[in-house]
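A, B, ... follow the sequence lines: proteins, then strands. Residue 1 opens every chain.
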Protein chains: 2
Amino acid sequence: MKKARLKDVAVLAGVSQGTVSNVFNRPELVREELRERVLAAAKKIGFRGPAPAGRVLRSGRSNLIALVVDASLHYILNDPFGQKLLSGIAEVCDAEHIGLTIVSADAERRDGWSIESAIVDGFILFCITEDNTLVELARRRGLPFVAVDSGEVPGAGAVDVDDRTAAAEAARHLTGLGHRRIGILSLEMDDKERTGLVDEARFATISYTTPRSRLLGYRDAFAEADVDPADVVVYECLNDAPSVEEAIRVMFAPGREHPTALLAMSDTMALAACGALARMGLSVPHDVSIVGFDDVPEAERASPPLTTIRQPVEEKGRVAARMLLAGEREHRVLPTSLVVRASTIPAPSEKRSARAAREPAPVQDL
Amino acid sequence: MKKARLKDVAVLAGVSQGTVSNVFNRPELVREELRERVLAAAKKIGFRGPAPAGRVLRSGRSNLIALVVDASLHYILNDPFGQKLLSGIAEVCDAEHIGLTIVSADAERRDGWSIESAIVDGFILFCITEDNTLVELARRRGLPFVAVDSGEVPGAGAVDVDDRTAAAEAARHLTGLGHRRIGILSLEMDDKERTGLVDEARFATISYTTPRSRLLGYRDAFAEADVDPADVVVYECLNDAPSVEEAIRVMFAPGREHPTALLAMSDTMALAACGALARMGLSVPHDVSIVGFDDVPEAERASPPLTTIRQPVEEKGRVAARMLLAGEREHRVLPTSLVVRASTIPAPSEKRSARAAREPAPVQDL
DNA sequence: CCAAATCGATGAACCGATTCAAGGACCCCT
DNA sequence: AGGGGTCCTTGAATCGGTTCATCGATTTGG
């Protein structure tokens, strides 16, 4: 038995197709007697109600919005930042009875469920890797979208935090505590999955905006405090434990004067760094102070609780979803704040560091 | 300018609609020269590629599967169990290039994105509240589905753990440690959002299968160990902190001999109970032993680390997704195991507890 | 009692593609 | 020249609804 259609019901009930449609969608427009006849006919041939695919084709609305990420679904569901973002979006979806789906724009594949094939009313773009590929794809698709953490996007909504200012605040906290030799754990700077030390040449080629802005912010604070750029080492990581471990191994290589403090561009990395340092026998904050970024829930529960930059991730999700549904196209910048916990303490005394300064100069990376 | 359609491109390029379709979907079937002409025409009128809605209508496939929950999206994204389940499903979706969406069947609303309106290839049903409403709705929709934690479902796939046996193992652990007065923190037993003590009458009316099975399992173990049913108190909670707090207040009311151990039907509740007990000045495990259920990631990190029943939640997700995509309809039961950590210790000796019973009740703060 | 308003139902246009049987063009071979 | 293949392309059917102008019938108003 083939699946019953509106038309089949119409024929059996002896009414027009439009009437059957009305019975299901606007019953109040149909006389009761007739309505019941139609319903009876529907039941008789096992009609399950109007097929959504047809409805969407005609109406153009699917009541579904997508969060697009340039990572795997699995990644985003397990990343604290991703979870919070989703959670915020979900709140709005709940309130509006809108569905939520995740689109992975990981590979360049166009098959399956992708930006080009997803049946949705709009996108929220989250570029972990601050690329603008997603923006390009979304634009091509011609659906409304809001970009998160991608800076201003002409013709679309955007929600951000002021990364540069926030990063400066984090770095200022450290310089205020007297730290002068500082290591930076940076997020990826492009989509090449590269890890390693960052020199000026590399800095000049950064294509993702988040790491660039934060790096600039850190530098702002260093300049204010007259920190010698030669005492700052930057390592590009992948926001996972292995690459952070690698960074720590390099920064804290034996025979080399190591940083007294670390600035991490995500709490995930900061926490990974704590672990790596512990395995090397170094204690946080006694041997090394660490400032994270994001203030994920784990940051507070960690030991020691992490000093970090709080950014309202869930709120980002909420705002993005609301903007998308309301069709707004502003660029909104959400506030951040420094949360001081126990992972940062004053740098070791001047004397000690002065002595250190007379020792042979360390390799200089930046 | 109206949106360009396949047909418009066809007209402009002077070919048939079918050919244009082929250019986009099976380019190898079209002669190169012609293909380029079509592509040029498409670009000229700003055709963005075949619209997914049309494709879906015709092909009947959307490449999207849904996790259906009878809760809000926000809830499921923040519940550790839900996160794990999603994570497992996501792994399979990633591998198959299939999309993932969450459908909330919370209210009885039929508008927006619901079981009846979602454009998907199939459902994974997760009934926190072991109702069979979802099964009914899914069946009516006529799409393939797999039910998680709902017992065997005729004509559909199902994946479960053996709740009764697992619960018995948890309870046996406690009786083996000498505990005889035991409190049970139960999940909801129906969709009424009721909380409170559970007597035989209530027990008889349980409509959700998970709490029933687990309660039966606990009883199995109590019977084996000759625990007096009168020493067992069951409290129905809502899997959240407030209702657990309420349960704890009742079970540990002043002037009453309190349980020496607690069986919680979820780690979420077990952890909430730890918190509530701590606020009352009672220590886990010294004053009260606790066994959870699920073994969520937090269970291991908690202090004290939680003794619990491990169930392979992520695997449930993976298996369910694979079954759905493969069209399998078996009933698969996944293994569980007892994980003994530090939240359970032997019961206080018979003598000591007898003495304690004669002492004045301690001051209680909550 | 006629005109106007109301109500309910109709029918056809339209949403945007996929697919496949059938036909045309062209080449090879005998 | 004609039979037999290839290789493209076409045309039309199909997927399943929604919507709205229109029309007939019934009420209401004056």
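- Straight-line distance from the CD1 atom of A:I119 to the P atom of C:dG16: 13 Å, rounded to whole Å.
- Within 4.0 Å (heavy atoms only), B:F47 reaches sugar-phosphate atoms of the nucleic acid but no base atom.
- One can place CZ of A:F24 at 15 Å from P of D:dG16, the figure rounded to the nearest angstrom.
- The side chain of A:L34 approaches C:dA9 more closely than any other nucleotide in the set C:dA9, D:dT10, D:dG17.
- Across all strands, A:A51 comes closer than 4.0 Å only to sugar-phosphate atoms, never to a base (heavy-atom distances).
- Taking only side-chain atoms of A:R5, from C-beta outward, the nucleotide of D:dT18, D:dC15, C:dA17 with the closest atom is D:dC15.
- Here B:S21 reaches the OP1 or OP2 of C:dT18: one of its side-chain N or O atoms lies under 4.0 Å away.
- One interatomic measurement links the two molecules: CD of B:E28 to P of D:dT6, which rounds to 18 Å at whole-angstrom precision.
- Contact annotation for B:V30: backbone-only contact, meaning every heavy-atom pair under 4.0 Å involves sugar-phosphate atoms and none involves a base.
- Listed pair B:S59 / C:dT18 fails the phosphate criterion, with no side-chain N or O lying under 4.0 Å from OP1 or OP2.
- When side chains are defined from C-beta on, A:K316 counts as touching A:Q311, because their heavy atoms get closer than 4.5 Å.
- Put simply, the side chain of A:L324 reaches to within 4.5 Å of the side chain of A:I65, judged on heavy atoms.
- Across D:dT9, C:dT18, D:dT18, the shortest atom-to-atom separation from the side chain of B:R55 is found for C:dT18.
- Put simply, CG on B:L6 is 16 Å from P on D:dA12, counting in whole angstrom units.
- As a whole-Å value, the separation of B:R141 CZ from D:dG16 C1' is 12 Å.
- A donor-acceptor pair is defined here as one N or O able to donate and one able to accept, closer than 3.5 Å; such a pair exists between the side chain of A:R141 and the backbone of A:I115.
- One interatomic measurement links the two molecules: CZ of B:R61 to P of C:dT19, which rounds to 12 Å at whole-angstrom precision.
- For the 3.5 Å distance criterion, the side chains of A:D160 and A:H331 qualify, holding a donor opposite an acceptor.
- A:R26 comes within contact range of the sugar-phosphate backbone alone, with a heavy-atom separation under 4.0 Å but no base atom that close.
- Residue B:N22 places none of its side-chain N or O atoms closer than 4.0 Å to OP1 or OP2 of C:dT18.
- For the pair B:K7 NZ and D:dT14 P, the computed distance is 17 Å after rounding to whole Å.
- Along DNA chain D, the nucleotide nearest B:L29 and the nucleotide nearest B:Q17 are compared for position; the residue whose nucleotide lies closer to the 5' end is B:L29.
- A close approach under 4.0 Å does occur between a side-chain nitrogen or oxygen of B:T19 and OP1 or OP2 of D:dT10.
- Considering only heavy atoms from C-beta on, B:V319 stays 4.5 Å or farther from B:V146 through its side chain.
- Rounded to whole Å, atom P of D:dG17 lies 10 Å from atom NZ of A:K3.
- Considering only side-chain N and O atoms, A:R58 lies nowhere under 4.0 angstrom from the phosphate OP1 or OP2 of C:dC14.
- Counting heavy atoms from C-beta on, the side chains of B:R139 and B:P154 come closer than 4.5 Å.
- Map B:R31 and A:L57 each onto its nearest nucleotide of DNA chain D; the residue landing nearer the 5' end is B:R31.
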